[in-house]
Amino acid sequence: SPCIEIVELDRLKKRRVASEKSKAGLIDSAENKPPWETVVQKLLVPTIRRMIEDRSYDIFSNMETRGLTSLIGTLASTTEEPILSAILSLVLTLLTKEINEISIPMLNLDAYVNLRNESLRDEEIDSVGFLVFGQIQRLQKLILNVMNHWIPLFESERKEREMQQLVLTNLVGNMFLPVLDTLRRFEDSRETPKPTYKRMFHPVWNGLKKLGWLENADTMLLAGPVRAAAHAYDIDRDHDSNEINE
């Protein structure tokens, strides 16, 4: 019918005009995006945001960290900068909250005296050692996750200073080093033949060296406690330390 023909002609005209505008670069970039880019912004980005906001991502998991940072790294080359920046801001908020909620076990002076006098039962000593060593392992794993996987993303987004503060002050200075010293004192009190505290410190020390944060003028003050601990434990003079765990 004439009405159908008019509608079809109108559609063809609109398609031709759109095609001409596209070739001339006159169509808005959002309309010109490839289908996969639209899927990324409408499906993947909200999914990542929900994972972070709902705290369903385990910051201690190496596998989850690898997967999430790899995905965000891929998005970095396909999404607009404000979207990526917003996602990384959520990540920084999540990491800060999770780190601030970590409890730190500390032995009091009486505990050390009891350990030296062997007045505690074997199972009590074992429970103390398990608590301290378990916590230092978790902290080391978290630090390596952040340094190996998150830091490169934040460097590209000009948020490195915030991550330096979070890692060097909150995570390493206020948490890892005190627990490491607790482990050292615990092992010294038990005269452990092969103490593990140096082995736990090596990967963190090497990771910070690899990032260049130990000698960087911007981080010299923040890294002070780390360098002092390395000097006290002879880590900075140990050339046989293991490379950072990947």
Side-chain angles (χ1 to χ4, degrees), residues 52 59-60 62 65 69 72 84-109 132 135-188 195-246:
I52 297 170
I59 63 174
F60 292 96
N62 183 266
T65 300
T69 53
I72 294 177
L84 181 63
S85 182
I87 290 176
L88 291 180
S89 293
L90 287 173
V91 170
L92 184 61
T93 299
L94 171 68
L95 290 174
T96 303
K97 285 182 178 179
E98 293 278 1
I99 289 170
N100 289 340
E101 291 176 5
I102 296 174
S103 60
I104 304 299
M106 303 294 291
L107 293 179
N108 59 37
L109 183 60
V132 177
Q135 187 66 301
I136 200 68
Q137 276 190 314
R138 280 172 59 82
L139 288 171
Q140 185 210 60
K141 189 174 185 179
L142 175 56
I143 293 168
L144 296 182
N145 271 345
V146 173
M147 289 196 297
N148 287 333
H149 305 297
W150 284 118
I151 295 297
L153 294 178
F154 280 88
E155 285 177 342
S156 64
E157 284 299 303
R158 302 176 184 176
K159 294 179 181 291
E160 187 177 13
R161 183 62 180 176
E162 295 175 75
M163 289 301 289
Q164 289 169 345
Q165 179 76 33
L166 180 66
V167 173
L168 288 172
T169 301
N170 296 27
L171 194 50
V172 178
N174 295 342
M175 296 184 179
F176 181 78
L177 291 182
V179 179
L180 187 72
D181 189 61
T182 300
L183 177 63
R184 179 191 63 79
R185 296 174 68 183
F186 174 80
E187 291 181 333
D188 286 350
T196 59
Y197 67 91
K198 284 190 178 184
R199 179 165 56 85
M200 300 306 296
F201 191 29
H202 277 312
V204 174
W205 172 256
N206 288 332
L208 293 172
K209 284 177 63 177
K210 187 176 179 180
L211 290 172
W213 288 3
L214 295 174
E215 303 300 332
N216 189 311
D218 294 334
T219 56
M220 188 70 68
L221 186 60
L222 295 177
V226 184
R227 291 195 305 274
H231 181 76
Y233 302 153
D234 290 330
I235 300 295
D236 56 343
R237 294 186 292 274
D238 186 354
H239 298 291
D240 298 322
S241 59
N242 297 322
E243 291 300 317
I244 185 170
N245 296 334
E246 296 294 338

Side chain proximity check, [X] to [Y], heavy atoms < 4.5 angstrom:
X      : Y      : result
Leu214 : Trp205 : yes
Asp181 : Tyr233 : yes
Ile235 : His202 : yes
Leu211 : Gln164 : no
Val91  : Leu153 : no
Val179 : Gln140 : no
Leu208 : Val204 : yes

Please report the interatomic distance [atom1]([X]) to [atom2]([Y]), rounded to the nearest 0.5 Å.
X      : Y      : atom1 : atom2 : value
Met220 : Arg227 : CE    : CZ    : 5.0 Å
Ile99  : Ile59  : CD1   : CD1   : 6.0 Å
Leu139 : Met200 : CG    : CE    : 9.0 Å
Thr69  : Phe154 : OG1   : CZ    : 11.0 Å
His149 : Leu144 : NE2   : CG    : 8.5 Å
Leu88  : Met163 : CG    : CE    : 9.5 Å

With [X] via side chain to side chain donor-acceptor pair (under 3.5 Å) - residues at least two apart:
X      : result
Thr96  : none
Glu215 : none
Thr65  : Tyr57
Thr93  : none

Stepwise side chain to side chain contact (heavy atoms under 4.5 Å, CB included) check, Phe201 with Val226: CA-CA 10 Å; Phe201 191 29; Val226 184; 4.1 Å; yes

Shortest non-hydrogen contact from Asp234 toward Lys198: CB-NZ, 4.1 Å

Non-hydrogen atoms of Pro178 and Gly173 that approach each other most closely: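 Closest pair (atom of Pro178, atom of Gly173, distance): CD-O, 3.4 Å.
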
Leu166 and Trp150: CA distance, side-chain angles, deciding distance, side chain to side chain contact (heavy atoms under 4.5 Å, CB included) verdict: CA-CA 12 Å; Leu166 180 66; Trp150 284 118; over 6 Å; no

Report the residues that fulfil ring-ring contact (aromatic ring centres under 6.0 Å, His included) with Phe176, sequence neighbours left out, ordered by chain and then residue number. none

Would you sort out whether Leu95 and Leu171 count as a side chain to side chain contact (heavy atoms under 4.5 Å, CB included), showing the intermediate values? CA-CA 10 Å; Leu95 290 174; Leu171 194 50; over 6 Å; no

Can you list the steps and then say if Ile102 with Phe60 is a side chain to side chain contact (heavy atoms under 4.5 Å, CB included)? CA-CA 11 Å; Ile102 296 174; Phe60 292 96; 3.9 Å; yes

